[in-house]
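As structure tokens, the structure follows; a few thoughts come after it.
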Amino acid sequence: MIDNFFILDFSYDVVENKPVIYIWVIDKEGNRVVLLEKKFRPYFYALVDDSYNIDEIRKEILKLSKPYSPITSIDVEEKKYFGSPVKVLKIETVIPAYVRVYRDEVAKIKGVKSVLEADIRFYMRYSIDNNLKPFYWIEAEVEEIKENNFRVKKVYELKKINKLYEDKIPELKVLAFDIEVYNKYGSPNPRRDPVIIIGVWTKEGGKQFLADKYDDLRAIREFINFVQTYDPDIIVGYNINNFDWPYLLERANIRGIRLDVGRRVNGEPSQGVYGHYSITGRLNVDLYGFAQSIQEVKVKTLENIADYLGVLPKEKRTIVEWYDIPKYWDDEKKRDILLKYNLDDAKSAYLLGEVFIPFGIELTRISGLPLDQLSMASVGHRVEWLLMREAYKYNELIPNKEEREYESYEGGLVISPLPGIHEEVYVLDFSSMYPSIMIKYNIGPDTLVKGECENCWVSPVGHKFRKEPPGLYKNVLEKLIQERKEVKKLMEKTIDEYDKRVLDARQRALKVMANAFYGYMGWLGARWYSKEGAEAVTAWGRQIISDSAKIAKEKGFTVIYGDTDSIFVKGGGDINSLITEISSKFGLEIKIDKIYKRVFFTENKKRYAGLTEDGKIDIVGFEAVRGDWCDLAKQVQTNVIELILKSGKVEDAIKYVKSVIFDLRRYNFRIEDLIIWKTIDKNLDEYDVTAPHVVAAKKAAKAGYLVSKGVKIGYVIVKGSGKISDKAEPYFLVKEKNKIDVEYYIDKQIIPVALRILEGFGVKESSLKTGGVDILSFFKK
DNA sequence: ATCTTCCGGGG
DNA sequence: GTGTACGGAAGAT
């Protein structure tokens, strides 16, 4: 029988010593169904030295065959390796895990230069070879079989796939969840601390499963039951791969039950690659992975991200600090607040899912990486999966991952700013400069020429790249850019709001992917790593920017600033003729990114603040937009910038700063506004210096807080003697305002950030600290 | 006083 | 488990 299916995910299993691939799908009627593919077999390649007899090597390899998973075939194939033709042996076996066993043995055979493509997961191999990607439809020939191991409507054996095509996405069932844990002593420990609340949110609203005082058995059981009954296609949550899933698994284990939430009976979430938890038949999406790409939010907590994206504003939700949870649980009168907080978190996760999932779906459609993995995979891995799929189409072998030594190279050009206030400033921006350079000069590891070269592009730093034929990067980038053009064109013609949103998500995803190629090429872990390539990209970029600045000057413009792929100009003649000249000279698109009515520079690079024509203020690089300054300092700097840019009155700004200092000395502030956040980037014992945040982190660890790599530590400076670091305390250990060292905040936070702006106007530190201070705060007047 | 280490935002 | 450039704080010497 022939039917159509919408692909959600892939997985595989070994049944009776043979691999079976499961394709989790939805049929035309909306039934959740699984297709079993039983014929596909794992394989890998051996790259053979030309001076050896290939048949001899073949025989040697065949001798390795083991009865449990025999080598079923060895074929000679012609492939390309970094663009050059090579002969390889394709070695096929039965059980996927045996690829690893044979790989190591084959690598030792004389005449085998290397083994390739032996580290690709089995179901991904299948999806690459058959050009199958999640969120597309397939038309397939199938045969129904009887199986009771799956929580799906029907089980089919897949006979043949006729075609892959795009069509409307069926309505996907999404379930969001969040757990609360009872821990009185710092970091939660699943061996000791029970789960007290499991909150879920779906299209139909919220639901909570509560522990019986400190006994969580029933709550966990009810949660499992709810997931099975609701049967979601997608489960979302925030940081669930690092916390909720491992915690629930351990608790279930301790209580002697199985966390059986998948579409395979008696399955449990299992940890996969990229640290994600894989739930058979469902897509387990950790939204934290998507949140990390939001640069505008410094401290990426669920409430901050939900607030920033407007799905649940902070003032409309309940917040309970983690260290207060036991208090709220134990106090009958306060418990409702805790329950509300948990439900708000689950709801936030659900609503964030609505924002991120459409974008994630498009990234999956481009890269082929299933959504659950994609949500956790780094940008580099997303690019790599796309390249691997494309390489297969070009008959290119996929290079192995390699250990490499770090080597630094020169980056983008930053033109020193012209200090002061400027009016009517145009910001000219090269669109997708690095991808364009990679295409124009055919840059990549497979096009790099080390010796003499007749028909090559030579970069400003001397690296040569052959002009023809196009390399892998150029081929793939051109496809992405071409497709984006077509999507944008289609978008203009589209009226349907839903279709338009899909197309918009797609064009954003295509842009994000293309822009990530340069960073990928310079990443030490990349299969297609090329330091020369990355170096050449930035070198051409520097040349383009400095030449563009020259052209602007020749045309009578004043160049105020420039960074990597943009220049700021004012005055001169016709801006459009400048744009035309630059874009025709380099063959790159350059456009007016924005126009500043007023923009302000100090002598420093990468720091400026501007007022756009529509009255919006951009602050770049200053403390006001950095995460490692306390909120109060950021507010002060923001207000000073606004006062200067909007009215140009320095006097008002000075008065305002004085009023803030006055309030601090009267202890008229909130402790939260004084917290300084920094990231712990190493293990605590690896630090050579005793910086304040490291000391605070150690104190937090001592208080039971789990401090690991990548954790953000918030601290305040308290009164006392000695070094600043001795006075740094984790904020949650400081309850009283009068413990705060207000003089530190005045001298090291408020005055420096204010002066960074006001110094340019001749204001001195003394004029902020001395003189009469109004009794009333500045803004109260 | 100067050097070193560490960190984060943004083009 | 994408890149480099840059400014600034605070410790180390």
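To find a chain, count down the sequence lines: A is the first, B the second, and so on, and within it residues start at 1.
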Review point. Using the ring of each side chain (for Trp, its six-membered ring), is F290(A) parallel, tilted or perpendicular to F356(A), with breaks at 30° and 60°?
Key: parallel
Check your understanding: Which word best sums up how the rings of F600(A) and F761(A) line up, parallel for under 30°, tilted for 30 to 60°, or perpendicular for over 60°?
Key -> parallel
Between [atom2] on [N] and [atom1] on [X], what's the gap in Å once rounded to a whole number?
X: I713(A); N: dC6(B); atom1: CD1; atom2: P; answer: 17 Å
X: K511(A); N: dG11(B); atom1: NZ; atom2: P; answer: 12 Å
X: L755(A); N: dG8(C); atom1: CG; atom2: P; answer: 12 Å
X: I676(A); N: dC6(B); atom1: CD1; atom2: P; answer: 19 Å
X: W677(A); N: dG9(B); atom1: CH2; atom2: P; answer: 13 Å
X: E623(A); N: dG8(C); atom1: CD; atom2: P; answer: 7 Å
X: R542(A); N: dG3(C); atom1: CZ; atom2: P; answer: 17 Å
X: R626(A); N: dC6(B); atom1: CZ; atom2: C1'; answer: 11 Å

Review point. Rounding to the closest angstrom, what is the interatomic distance between dA5(C) and dT2(B) at atom P?
Key: 26 Å
**Study point:** Spacing of the P atoms in dC6(B) and dG1(C) (rounded, Å)
**Key:** 16 Å
Closest listed nucleotide, where the reference is the side chain of [X] and the choices are [options]:
X: H381(A); options: dG1(C), dG8(B), dG11(B); result: dG1(C)
X: W629(A); options: dG8(C), dG3(C), dG7(C); result: dG8(C)
X: D565(A); options: dA9(C), dG11(B), dC6(B); result: dG11(B)

**Study point:** Among D618(A), D429(A), T612(A), D614(A), side chain to side chain donor-acceptor pair (under 3.5 Å) partner for K594(A)
**Key:** D618(A)
Check your understanding: Do you know which two heavy atoms are closest between V537(A) and I437(A), and how far apart they sit?
Key -> O-CD1, 3.8 Å
Which protein N or O atoms sit under 3.5 Å from an N or O of nucleotides 10-13 of chain C?
unit_1  : atom_1 : unit_2  : atom_2 : d
dA10(C) : OP1    : Y744(A) : OH     : 2.9
dG11(C) : OP1    : I724(A) : N      : 3.4
dG11(C) : OP1    : S725(A) : N      : 3.1
dG11(C) : OP1    : S725(A) : OG     : 3.4
dA12(C) : OP2    : K723(A) : NZ     : 3.4

Side-chain N or O of [X] less than 4.0 angstrom from OP1 or OP2 on [N]?
X: T564(A); N: dT4(C); answer: no
X: R756(A); N: dG8(C); answer: yes
X: H693(A); N: dC7(B); answer: yes
X: Y687(A); N: dC7(B); answer: yes

Point to revise | Greater than 12 external heavy atoms within 6.0 Å of K597(A)'s NZ | key: no
Check your understanding: Taking the six-membered ring for Trp, is the centroid-to-centroid distance between W523(A) and H381(A) below 6.0 Å?
Key -> yes
Under 4.0 angstrom, heavy atoms only, what part of the nucleic acid is [X] near: base, sugar-phosphate, or nothing?
X: G412(A); value: sugar-phosphate
X: F622(A); value: nothing
X: F517(A); value: nothing

Got a second to check how far [X]'s [atom1] is from [Y]'s [atom2], nearest 0.5 Å?
X: L386(A); Y: I366(A); atom1: CG; atom2: CD1; answer: 7.5 Å
X: I750(A); Y: C630(A); atom1: CD1; atom2: SG; answer: 5.5 Å
X: K591(A); Y: S566(A); atom1: NZ; atom2: OG; answer: 10.5 Å

Point to revise | Nucleic acid contacts of residues 585-619 of chain A, taken as heavy-atom distances under 4.0 Å to DNA chain B | key: K606(A), Y608(A), I619(A)
Practice item. Please name all residues satisfying ring pair (Phe, Tyr, Trp, His ring centres under 6.0 Å) with Y561(A), sequence neighbours left out, ordered by chain then number. Key: F568(A), F601(A), Y608(A)
